[in-house]
Amino acid sequence: MPKEVVVNPEISALIVIDMQKDFCYEDGALFVGDAAKDIIPRIKALIEEAIRKKVQLIFTQDWHSPDDEEFEVWGRHCIRDTRGAEIIDELFLKEAYVVKKQKYSAFFGTDLDAHLKEKGVGTLILVGVTTNICVLHTAIDASLRGYETIVPEDCVAALSDYGQEYGLRHIKSVLKGIITSSGNIGFSNLER
Ligand code: ZN
């Protein structure tokens, strides 16, 4: 059973990782699959709850130059300033803080850590794609920096069942992150 987690909104951020058209739409350059479409409404609900509870909201965007070396592994995707790199219409909010990243981790070469520290954030809720690549690498870097990490497993998706299981298992057993479901995350700053 997924575990119930109560999160203090004053020190938390919801980080929506790479929910971009190239990954989440069927005509995208690196479509993750139906799993990426299935998580959209659940992430949307979590975003709405986060806004109600004044949780910091951050989107990350995979953002590559046209000849990025990463394309040797994955082919061309999320080239800066193209439609494929846009955050999907279902989730995009122009008032949200956006971190553009060139590598798997949202911390590498970005101002994410400084932004979170400035806002007093210590707990990260990670959602998006893909579980065993950009979500995992971001979770690893978060762990190295001392953040508590929570991953609702119904709000992350991978290219395969193996990738999904592998990513979640690593976050839980190696990083000591909390794996739960979006319905089991509550926001409260009251003493408990
Ligand atoms: Zn990429």
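All values below were derived from every heavy atom in this structure, side-chain atoms included, with hydrogens, water molecules and symmetry-related copies excluded. Start at 1 with the first residue, then count along the sequence. Counting starts at 1 for both ligands and their atoms, following the listed order.
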| said: Can you classify the ring geometry of His170 versus Tyr166 as parallel (below 30°), tilted (30 to 60°) or perpendicular (above 60°)? | reply: tilted

| query | Should Glu49 and Arg52 count as an ion pair when the cut-off is N to O under 4.0 Å? | reply | yes

| message | Going by side chain to side chain donor-acceptor pair (under 3.5 Å), Asp62 matches just one of Arg80, His77, Lys100. Which one? | response | His77

| note | Protein-derived N, O or S atoms sitting under 2.8 Å away from the Zn ion (ligand 1) total 4

| If only atom types and distance count, is the side chain of Asp22 paired as donor or acceptor with the main-chain N or O of Ala29 below 3.5 Å? | yes

| query | Are Lys21 and Asp27 ion-paired here, with the side-chain N under 4.0 Å from a carboxylate O? | reply | no

| query | Quick check: does any side chain N or O of Arg145 sit under 3.5 Å from a backbone N or O of Asp141, one acting as donor and the other as acceptor? | reply | yes

